[in-house]
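Comments concern the structure below.
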Amino acid sequence: MRILSLHCRGYRNLQDVFFEPGPDVNVIWGQNAQGKTNLLEALWLFTGGRSFRGTKDSELVMHGTDKAELELCFFSEEREQTAAVSIADGRRKAELNGIPLPSPGRLVGHIGAVIFSPEHVALVRGGPADRRVFLDAALCQIHPGYVRLLNRYQHTLSQRNALLKDIPRHRELEDTLPIWDARLVSDGEMIVRERRKYLECLAQKAAKIYDGLSRGQEKLSLSYLCTANDFSSSLRQERERDIRQGFTGTGPHRDDMEILLDGCAARSCGSQGQKRSIVLSLKLAEAKMLEAVSKEKPAVLLDDVLSELDNSRQDYLLNHLSGCQVFITCCEPAQVQLLQVGKLFHTEAGTVIPGAPEE
Ligand SMILES: Nc1ncnc2c1ncn2[C@@H]1O[C@H](COP(=O)(O)OP(=O)(O)O)[C@@H](O)[C@H]1O
Ligand SMILES: [Mg+2]
């Protein structure tokens, strides 16, 4: 997959930007708060997902205007294609090759991308929710059906939790719990199956990459941590506790991914450098998974990360991304010790124009 051009109108601080990246490495440089991440985020929206910064759709529209419009030309499946995303009245809509899609999520599978930013260190340092978000986001990009499954599970979960809160005052409501439990179990078990299957492949790829990065010094292993091995019976067993607490205490919404280095939890025993290598391995493995499923190389978005990686990790990263179209943001292109930079773009106050810093 290759991005040929992106046109943004009224997206965040990008008033009217026409961006034509090159086929390999693109470096987008400029001071803070000029619009570099906004540009990557605009590209990301074409994966069919939400903002990777967790921003609500309505906040993506430029302040003081009522509509954001994005148009993308890309080369994929051996032909040139177009996609459009617009946001107005808090609603996001999408088109593919001129045809309106029933929902923006239907873009999934057409334009693949992986995003890597300094906040991703939370994958190792943060709590289980950060790791679930990673797994779920990766799966959403592979299976459009997974998005619907996850949404339905979340919906059932909030209904069950609302009911749990009402039960102490209206004991007879307890009779309706099994209806919600049955739905939660059937969707929940499917979610766990999908996550396990994905993680099994990801773990192999990530371990291999980590091995290369650390030159075989220690072994990375990943595994799925289930809070409820038999979801149905644990819902039954924990019912009284759930009613007392007013929420559902076990299930896929509580699960985690365990990250071990030579058998020791990376969160507590990994050094700063080891944690960075783990995140890098996870992200590269995610890109390889996406490529294996879609048979197209995903776009790789590196937001402010290169300055954090030493030269040998930068080298490893760039060598393993050969053939991918890469978008790198940074303050100073000199921070990017690349073997070769394809195209440079300067971002200033919401404009993006080709160019290098003056000597
Ligand atoms: N909806 C919006 N309308 C106008 N400007 C916005 C909007 N959302 C964010 N911004 C502006 O975008 C800028 C941040 O852009 P960003 O891409 O994060 O910067 P950086 O170049 O540091 O990556 C800030 O100046 C912020 O005020
Ligand atoms: Mg930024």
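Here the structure is a predicted model, which is why all the values come from computation and not from measurement. Every number for a ligand or one of its atoms is a count from 1 in the order of the listing. In what follows, every heavy atom counts, from backbone to side chain, and hydrogens, waters and symmetry copies are set aside.
Residues forming a ring-ring contact (aromatic ring centres under 6.0 Å, His included) with H120 (at least two apart in sequence, or on another chain): none. In this structure, the disulfide bond (SG atoms under 2.5 Å apart) partners of C264, at least two apart in sequence or on a different chain, are C269.
Within the 4.5 Å cutoff, no side-chain heavy atoms of Y11 are placed close to those of L39.
Sorted by chain and number, the heavy-atom contacts of ligand 1 below 4.0 Å come from R12, N13, Q31, N32, A33, Q34, G35, K36, T37, N38, R53, E59, V61, M62, H63.
A salt bridge between E69 and K67 is present, with a side-chain N of the basic residue lying under 4.0 Å from a carboxylate O of the acidic one.
When only modelled atom types and interatomic distance are considered, T156 and R160 share no side-chain donor-acceptor pair under 3.5 Å.
Heavy atoms from other residues, nucleotides or ligands lying under 6.0 Å from CD of E59 number more than 12. Counting non-hydrogen atoms of other residues, nucleotides and ligands closer than 6.0 Å to CD of Q15 gives a total of 12 or fewer.
In this structure, D187 contributes its side chain and L150 its backbone to no donor-acceptor pair below 3.5 Å. Judged purely by atom type and a 3.5 angstrom limit, D255 has no side-chain atom pairing as donor or acceptor with the backbone of R132.
Taking a cut-off of 2.8 Å, the protein N, O or S atoms nearer than that to the Mg ion (ligand 2) are T37 OG1.
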